[in-house]
**Q** 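Dropping the structure in here first, questions after.
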Amino acid sequence: MTALGFLLDAAVVLLLVGLATRLLLTRHLFEAIVLFVSYGLTLSLAWVRLGAPNIALAEAALGAGVTGALFLNTYQRLTERIGDGPKSPLLEDDGSRDPPAWFKGVLGGGVLLLVLGAGWALLGAGRRPAFLPHEIAARLPETGVQNPVTGVLLNFRGYDTLLEIAVLVAAMAGVWSLDRGSRRFGRARGEPDEDPVLHALTRFAVPVTVVTAVYLTWVGSTEPGGAFQAGSLLAGAGVLLTVAGVLPPPTAASRPVRAMVAGGMAGFILAGIAVLPLTGQFLHYPEGWAYPMILGIEALLTVSIAVVLVELFVDVPAVPEPDPALESVDPSGDPLGRALRGKEGS
Amino acid sequence: MNPVDLYMLAGIVITLIALYAALTRAHLFWKVLAINLMGTGVFLILLAAPSRRTPEIADPLPQAMVLTGIVVAVAATALALGIALRVIARSGLPFLPDGDEEDQGSGGSAGEASR
Amino acid sequence: MTEFELWSTVVIFGPLLASVVALSARPALLRAGLVLGSLSTLVGSAGLWRAVALYGPGRHPLGGWGQPLGIELWIDGFGVAMLAVTALVGALTSLYANSYFGDLSELSVRDSPAGRGARFFAPLWLLLWTALNGIYLSADLFNLYVTLEILGLSAAAIVTLAVSRQATVAGMRYLLVSLIGSLLYLLGVALLYVQYGTLSLEGLAAIGPSGPIPAIALAAMTVGMAAKTALFPFHAWLPPAHAGAPAPGSAILSALVVKGSFFILVRLWFSVYGGGSPEGLILLGVLGSGAILWGSILALRQVSLKRLIAYSTVAQLGYLFVMFPLLIPEPRLWNADAWTGGLLLAISHALAKAAMFLAAGNMSYAVAEDRLTSISGVAHRLPMSFFAFGVGGLSLAGLPPSAGFVGKWLLLRSAFETAHWTWIAVIAVGGLLTIAYVLKVLRYALDRDEAPEDFRPVPRRMEWAAALLALAAMALGVRALELVELLLVGGPFPW
Amino acid sequence: MPADLTLTLVMEVASGILIVAGCLFFLAGTVGLLRFPDLYCRLHALTKADTLGLGLIVAGLVLQNPVWPARLQLVLIWILALSAAATVCHLLARSSLAAGIEPIREPGGSSAGVTSAGEDR
């Protein structure tokens, strides 16, 4: 069994390195994106082999799923723009813009040296006594949850998770600030897709997905699962509903959408502050309150994460032709000033 | 060789070839793809190496770090693709112009052109 | 609940909560968010300053766990000084931004290319502010990584708020550099965790990292952070990004954001690695000298105002790295003059550079152009902005009584004490070049006798914000002693 | 006990056969994906062979697993994968037809058939 296991590990590792190399070397964008998704799925196999089912779930849903979907969606915009000309540099990179050979050579040599050095250093490192894992295991009962990863994420290092949500919100605000606005995606409300099969799948899959997401959020305290995995599942349901025209695409213009995006973070911060008078430290849950508070925070986060992911996926704009007014270097370096000036002139 | 060693070495190799690709592929989408791969390489090191050094107990802390890292990578990818699309919308090409080109541009020629 | 716990909560989660408020993006709430963020950081950092002055360094074990199990905030003089200057610059820049972007909303935001994006300046900036405050208080390797990512994403988004091709390209490049830099940092974190099994800076400092794996880790993290700090020769992304952003964004990026990764470098090299290796310190000093000379020469050659200031940032960041070799002249010995001098320079650069970018923003706002030739005569119409730019520039050049003067003087004194003549020469030449490029701008601004005709009035608040920052940079020199005392709490080796 | 042991042995063997058969279907599906001439044939190969292969593997695993909830979960996984594969196949074929990609009528196919999966869109 160990020999078989080793063969499987070796195959996974070879596949990973092979896929990565091919995807970085290929000149065709579509191929690269397909390889990226395959790479992500292979990687989640690797996480299972390394005894990390929590990560395998997240990798399949977020790393391969959402990221792959983001790339495909963006790719779709590019093909719309160039029509049928497959030789556009947007989709086929002939490498003519790559840096000169000497740069590649020096960098490649450096990278090779680093691979050898780091590999040698890490393989040479011996066993060390593990302190932290034992400590985490010993104090896990105090966190109110039984899944050690959830315990670390939402109690021992809850602050990191709060800031991680802030990263998502920052990316969301950044994407919104690109002002791509209310591009119609799929169909408008009240104009359901005429395709009966898609409709049937939506009606069947969305309830199942929602139930599974609720289950994943809830089970995250004892078993693999949690807000991020559940949120990305819920996002899948949201994308399906938007594509089928049941839900309007969420945009920055809609106040409930903004409220849901900010809600998870707001709830998390307020929970952290609420316990301050009782325990004196931010996010230090009072005794007996850890489990309900963690569950409440996870539920809020699940909704927030789902809305952010749907929004990031749906809100990809068509790429317009270059606008001559904006293409040239802006002389003032200050478009607001220029915009105002245009206003006054007219 | 222990299977965990394999994953750790794969992590090192993937991190560094992805770093190489991020710096040498001019196309923006490959840069974003390469940055994603570089992240996964670091995650492999982060998860495989500690369990190699302390095999007697599973360590949840690296798992929590990798989970956080995956979410951060998705967020960064979304923003990077958004800005890349705008670069294409502005210049028609998925490349960043050379630094020098850009430097010259702001001062002399473009300023004159706008007159 | 100790004072440390109370005020550090206020200083980090105040602006984070404010970003939630600002995300609603109604004009009234945007303003409310900026006010809430500014007030909480000002009050919080004042509270922490008081606490540090009374009790020395303190800590806040978040979640009640303490390191190594949980994350701790560590509050010492260096961190609080950076918090305080960030609060001051941030509050005045928020005031400025409110007029700069608010003015636009009256003119029907919808029609301008940047308009609707500008609604997201406030939430992005408040998230960025949170990340900076988080960095200055964090005592945990992985927590620093997460804050770095918030910082990088929101900063790149702020650059692309300016919609021109130049700004978009600069924002893209900035984002890529920032992401690669963060991942290099994360690689270092992974290696250190592999070796020592802890993420706590304090725990690592107690162990004293040494050996091949920590050396590779330090190298990876240093390259990543140097790229984010735009240390020569990784500086190429900085000028287009800082010059291309909207004026308040330029001030934030140039004055504050680059200090975040600089702070991490100082923490790593000194607090954690206890000085690292002497060769490494000298290498960083040499790169810093390269930045001073190369950045100043390029600044002199620029024909666009904001680009000149941006290159000046490249040069001024060089001084902060000259501090590295001077701080540890001999192993196991640290020089208090180099420490306080280098950090005073970092602080005064924040104030002066923010003043200069805001003043430059006023000038190009008035004439809608950014070329040096087009601002000729602006001094007559915008005396206050002109004054702000001049005073900021003189502080940058290190003329008394500015804070820049005190910082440079301390740095020079430490170099004299240890007879490091090369560094002295670099600092002196850099100062002369700074004066040269500041005078170049002033000459253009005073060029004509009469004011330009094609001129748009600048809101008073925008002028006041720039002038107050410049005055602060000057006044800091008069009150430098308090800051020096603060910076010495904890020193470079707090653990 | 011997009766139980025999039963267990039979179950083990049956489970093994089912799983191996499932893997063979996956192999066939993959070969079809790589070798078939056009999109519609490939879709056919993928969805039909892989769904059946997954079903066989699930059946094999159900025999191995003594816990009833886990068995139900396995079957649920198969049903979900089945419906997703069917729908996706239908949507792909429909949008390809709408985009004007003609199915190949004659056996043997045209020259377009030799492109690899990654290259057609």
Side-chain angles (χ1 to χ4, degrees), chain A residues 6 9-10 13 16-17 20 24 29 32 36 43 46 50-52 54-55 58-59 62-63 66-67 70 74 89-90 93 97-99 104 107-108 111 114-115 118-119 122 125 127-128 130 132-133 136 148-149 152-153 160 164 167-168 171 174-175 178 228 312 319-320 322 326-329 331, chain B residues 3 5-10 12-14 16-21 23-27 29-30 33-34 36-37 40 47-49 53-54 57-61 63-64 66-68 70-72 74-79 81-82 85-86 88-95 105-106 110-111 113-114:
Chain A
F6 185 80
D9 285 324
V13 163
L16 279 178
V17 175
L24 295 173
L29 188 52
F36 180 77
L43 193 60
L50 284 168
N54 283 288
I55 304 180
E59 182 72 47
L62 286 163
V66 175
T67 313
L70 283 173
T74 316
L90 292 180
D93 173 25
R97 292 278 194 136
D98 288 358
K104 284 185 179 176
L107 193 68
V111 161
L114 269 175
V115 168
L122 279 175
R127 297 273 162 93
R128 75 173 151 73
L132 212 47
I136 290 175
V149 179
V152 171
L153 278 176
D160 267 354
E164 172 188 356
V167 176
L168 264 186
V175 168
L178 294 169
F228 291 98
L312 288 177
V319 184
L326 296 170
E327 191 175 7
S328 64
V329 175
Chain B
D5 289 357
L6 282 181
Y7 287 107
M8 188 181 74
L9 290 178
I12 298 171
V13 170
I14 290 171
L16 291 168
I17 58 173
L19 174 64
Y20 173 81
L23 296 175
T24 55
R25 290 295 301 256
H27 196 292
F29 281 53
W30 267 278
L33 281 169
N36 266 294
L37 284 194
T40 62
L47 211 62
R53 297 201 66 195
T54 52
I57 184 164
D59 189 349
L61 186 52
Q63 294 196 30
V66 172
L67 265 178
T68 307
I70 290 175
V71 176
V72 168
V74 172
T77 305
L79 184 61
L81 286 177
L85 272 187
R86 190 191 261 182
I88 293 169
R90 292 288 178 272
S91 67
L93 287 173
F95 305 108
S106 77
S114 72

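All chains are named by letter (A, B, ...) in the order of the sequence lines, taking the proteins before the strands, and each is independently numbered beginning at 1. Note that these values count all heavy atoms, side chains included, but never hydrogens, waters or copies made by symmetry. Predicted, not measured: the structure shown is a model, and the values here were computed from it.
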**Q** So which atom in B:L23 and which in A:P99 form the shortest heavy-atom distance, rounded to 0.1 Å?
**A**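 Taking every non-hydrogen atom into account, O-CG, 3.9 Å.
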**Q** Can you tell me how far CD1 of B:I88 sits from CG of A:L90, rounded to the nearest 0.5 angstrom?
**A**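 A:L90 CG to B:I88 CD1: 5.0 Å, rounded to 0.5 Å.
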**Q** Say you draw a straight line from CG of B:L16 to CG of A:L107; how long is it, rounded to the nearest 0.5 Å?
**A**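 The CG atom of A:L107 is 10.0 Å from CG of B:L16, to the nearest 0.5 Å.
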**Q** Is there a side-chain contact between B:F29 and A:D93, using heavy atoms and a 4.5 Å cut-off?
**A** no
**Q** Measure B:I70 against the heavy atoms of chain A and call it side chain, backbone, both or neither at under 4.5 Å.
**A** side chain
**Q** Heavy-atom pairs under 4.5 Å with chain A are the metric here; pick the option from B:L19, B:V74, B:L33, B:I17 that has the most.
**A** B:L33
**Q** Which answer fits B:I14, side chain, backbone, both or neither, if we ask what part of it has an atom under 4.5 Å from a heavy atom of chain A?
**A**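 Only the side chain of B:I14 comes within 4.5 Å of chain A.
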**Q** Using non-hydrogen atoms only, which part of A:L114 is less than 4.5 Å away from chain B: side chain, backbone, both, or neither?
**A**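 A:L114 touches chain B through backbone and side-chain heavy atoms alike.
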**Q** With a 4.5 Å limit on heavy-atom distance, are the side chains of A:V152 and B:L61 in contact?
**A** yes
**Q** Starting at CG of B:D59, measure out to CD1 of A:I136 and round the result to the nearest 0.5 Å.
**A** 5.5 Å
**Q** Which pair of non-hydrogen atoms, one from A:G174 and one from B:L79, has the smallest distance, and what is that distance?
**A** C-CD1, 3.6 Å
**Q** Let me confirm one number: the CG-CZ distance from B:L67 to A:F228, rounded to the nearest 0.5 Å.
**A** 8.0 Å
**Q** Counting only non-hydrogen atoms closer than 4.5 Å, does A:L43 touch chain B with its backbone (N, CA, C, O), its side chain (CB onward), both, or neither?
**A** side chain
**Q** Name the option with the most non-hydrogen atom pairs under 4.5 Å to chain A; the candidates are B:A76, B:A10, B:P60.
**A**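 It is B:P60.
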**Q** Could you state the interatomic distance from CG (B:L9) to CG (A:L122), rounded to the nearest 0.5 Å?
**A**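 B:L9 CG to A:L122 CG: 8.0 Å, rounded to 0.5 Å.
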**Q** Tell me, out of A:V111, A:L50, A:L168, A:V17, who's got the most heavy-atom pairs with chain B below 4.5 Å.
**A**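 The residue among A:V111, A:L50, A:L168, A:V17 with the greatest pair count is A:L50.
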**Q** Highest number of heavy-atom pairs under 4.5 Å with chain B: which of A:A118, A:A52, A:G108?
**A**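 Going by pairs under 4.5 Å, I would pick A:A52.
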**Q** To the nearest 0.5 Å, what is the distance between CG (A:L178) and CG (B:L85)?
**A**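 Those atoms lie 9.0 Å apart.
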**Q** Sort out for me which of B:T40, B:V72, B:L37 touches chain A most, counting heavy-atom pairs under 4.5 Å.
**A** B:L37
**Q** Measure B:A21 against the heavy atoms of chain A and call it side chain, backbone, both or neither at under 4.5 Å.
**A** side chain
**Q** Please tell me if the side chains of B:Y20 and A:L24 come closer than 4.5 Å, counting only heavy atoms from C-beta onward.
**A**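 They are not in contact (no side-chain heavy atoms under 4.5 Å apart), so the answer is no.
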**Q** Please look at A:V66 and chain B and tell me whether the side chain, the backbone, both or neither of the residue comes under 4.5 angstrom of a heavy atom of that chain.
**A** side chain
